[in-house]
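As structure tokens, the structure follows; a few thoughts come after it.
Just so you know, these numbers use all the heavy atoms, side chains as well, and skip hydrogens, waters and symmetry mates. If you're wondering where the values come from, they're calculated on a predicted model, not measured in any experiment. A note on names: the letters A, B, ... follow the listed sequences, proteins ahead of strands, and every chain is numbered from 1.
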Protein chains: 2
Amino acid sequence: MTHLRVRPLIVESVRPSEPCAACEARPFSVCNAIDQRDIERLAALAVSLSVDAGRTFIEEGDPAEHFFNVTAGTAKLFKLLPDGRRQITGFASMGTFLGLAVSSTYAFGAEAVEPMRICRFSRPKLRALLDDFPAMEKRLLEVASNELVAAQEQMLLLGRKTARERLASFLVTRGVCAGNGAPACGHRAAEKVTLPMTRSDIADYLGLTIETVSRTLTRFKSERLIDIPNAADILIRDHAALRSLATGLH
Amino acid sequence: MTHLRVRPLIVESVRPSEPCAACEARPFSVCNAIDQRDIERLAALAVSLSVDAGRTFIEEGDPAEHFFNVTAGTAKLFKLLPDGRRQITGFASMGTFLGLAVSSTYAFGAEAVEPMRICRFSRPKLRALLDDFPAMEKRLLEVASNELVAAQEQMLLLGRKTARERLASFLVTRGVCAGNGAPACGHRAAEKVTLPMTRSDIADYLGLTIETVSRTLTRFKSERLIDIPNAADILIRDHAALRSLATGLH
DNA sequence: TTGCTGCCTTGATCTGCATCAAGGCAGGTT
DNA sequence: AACCTGCCTTGATGCAGATCAAGGCAGCAA
């Protein structure tokens, strides 16, 4: 609290530092529904931004003026209760499209858990573009459908799984789909799972407390299911056991 | 178990008893994205079916060969764990579109909680139709987006709300949006909330047990928040108190 | 170096809801 | 009427995970 923040909270560069055509995230995002010769129209709408770790770039309840596409880093998406209880509804990494909602306000907040780059689009302008590119609209529907399936899986976890099952599910899902910043989701089980988020984030994602998350991971370690070389990295030692725990088998 | 079931489990009538043009559910469903002069093409694909109460008409994990549209009655959508634990992820009533998923198998099961009428569409045929009607694809994206928002709200409920808050949220949401088979969702608070599902369904929807649901409703009654003339009907006596409970205020 | 801060771990205790158990009631069958 | 059966309610007890409390450790500023 000893000095004023003089830097803008979000560093803007209206011209994307690298245009959509060369975007590393494009293969993983809805943008790849637009082919090479039309990509300029998309690039004209995109505003590339840096977001510092810890920065909230979507505030729940604010007017929803933009869509976002994550090009690097990780964000947590969350909803709050008035007394501060928090539910993290998901993590967004490279390629994730944010802001799908009919409502005029954001239904959730978003905060960077590590330094991020995001692409920002004006809602009305992107909507207009979508009218010309039904292929992209189709991709968005696919993305939304997949997220719905994931959301239902998460409801099962939150409503009916034990703490051990929740952590096992979390590690298995992360291991398969979000390993080490390689979001290609190659469906190969990773040896090492990197967790850019804190224990508190994991707790709020799984509907537990930070203490339960810590204790459960420690117990997994003593059971030789995992190793914890440091808090941010988990080594999977017994994939089969974790997977069967995750699906509710004992 | 004393006699064989001779009736087919689902009564089919390939010609819809009433064509799409006259469908009561159309104003509430994605079908209204197709205008009057093209509606025949949709009608040609639709197969209208009756589903008995208690009948499972979507089996989780089965090949996803159809889309469904609910035209009357209510279904519960659910996911199961191998040991029988169940999470109900939502209830589908008139106008609800079911089966949105990229995967080739259904991600959830569906069972009628009261007698239903549903419209069934072959997946590949409806997909082909969608290519000709981007307006309907757009509507589907809207529907999916709204369901995502609802799913996130449900995650907050399951992960962070107390039993009292869950029941209050349930009653308030039902009161506003699903009152008495009038799914117009007129955003007017209903006096009476009709619950076609059992206490066990409510418990599996809210991540609680049947006993906790019963006890909590009884307590609401003793606190003059509601009346329970019979198990299926709840009279809301103090909307404001329920709403503030639902949002986590005490 | 010292001290501070944020994050994580571990232990002791508490509690909200689950579990176990029993009984009530409405609707249907014999 | 007598008897199921399915569903709901109510009471007694138990426990998984929350809460309370304390200490460890890495990174960083003074």
Could you check whether any side-chain heavy atom of B/Y205 comes within less than 4.5 Å of a side-chain heavy atom of B/M197, counting everything from C-beta outward? no
Heavy-atom side-chain proximity of B/L77 to B/F91 below 4.5 angstrom: no
With distance as the sole test, does [X] use its side chain to make a donor-acceptor pair with the main-chain N or O of [Y] at under 3.5 Å?
{"X": "B/S214", "Y": "B/E211", "value": "no"}
{"X": "A/R199", "Y": "A/I210", "value": "no"}
{"X": "A/T56", "Y": "A/E59", "value": "no"}
{"X": "A/T71", "Y": "A/R117", "value": "yes"}
{"X": "A/Q87", "Y": "A/D204", "value": "yes"}

Kindly give the atom pairs (protein nitrogen or oxygen, nucleotide nitrogen or oxygen) under 3.5 Å for nucleotides 4-8 of chain C.
| unit_1 | atom_1 | unit_2 | atom_2 | d |
| --- | --- | --- | --- | --- |
| C/dC8 | OP1 | A/R199 | N | 3.3 |
| C/dC8 | OP2 | A/R199 | N | 3.0 |

Least distance between heavy atoms, B/V149 atom then A/A101 atom: CG2-CB, 4.4 Å
In terms of heavy-atom contacts, B/E60 and B/L80 come closest through OE1-N, 3.3 Å
Non-neighbouring partners of A/Y106 that pass ring pair (Phe, Tyr, Trp, His ring centres under 6.0 Å), sequence neighbours left out: none
Just checking, any donor-acceptor pair under 3.5 angstrom between side chains of B/T247 and B/S244? no
Please produce a list of atom pairs where a protein N or O lies less than 3.5 Å from an N or O of nucleotides 4-6 of chain D.
none

Using a strict heavy-atom distance below 4.0 Å, which residues from residues 75-87 of chain B are in contact with DNA chain C? none
Scoring nucleotides 11-28 of chain D by protein non-hydrogen atoms under 4.0 Å (B base, S sugar-phosphate only, - none) yields BB----SSBB--------
Whole angstrom value for the distance that separates P of D/dT9 from CZ of B/R219: 16 Å
Partners passing side-chain contact (heavy atoms from CB on, under 4.5 Å) against B/D238 (at least two apart in sequence or in another chain): B/L225, B/A240, B/A241
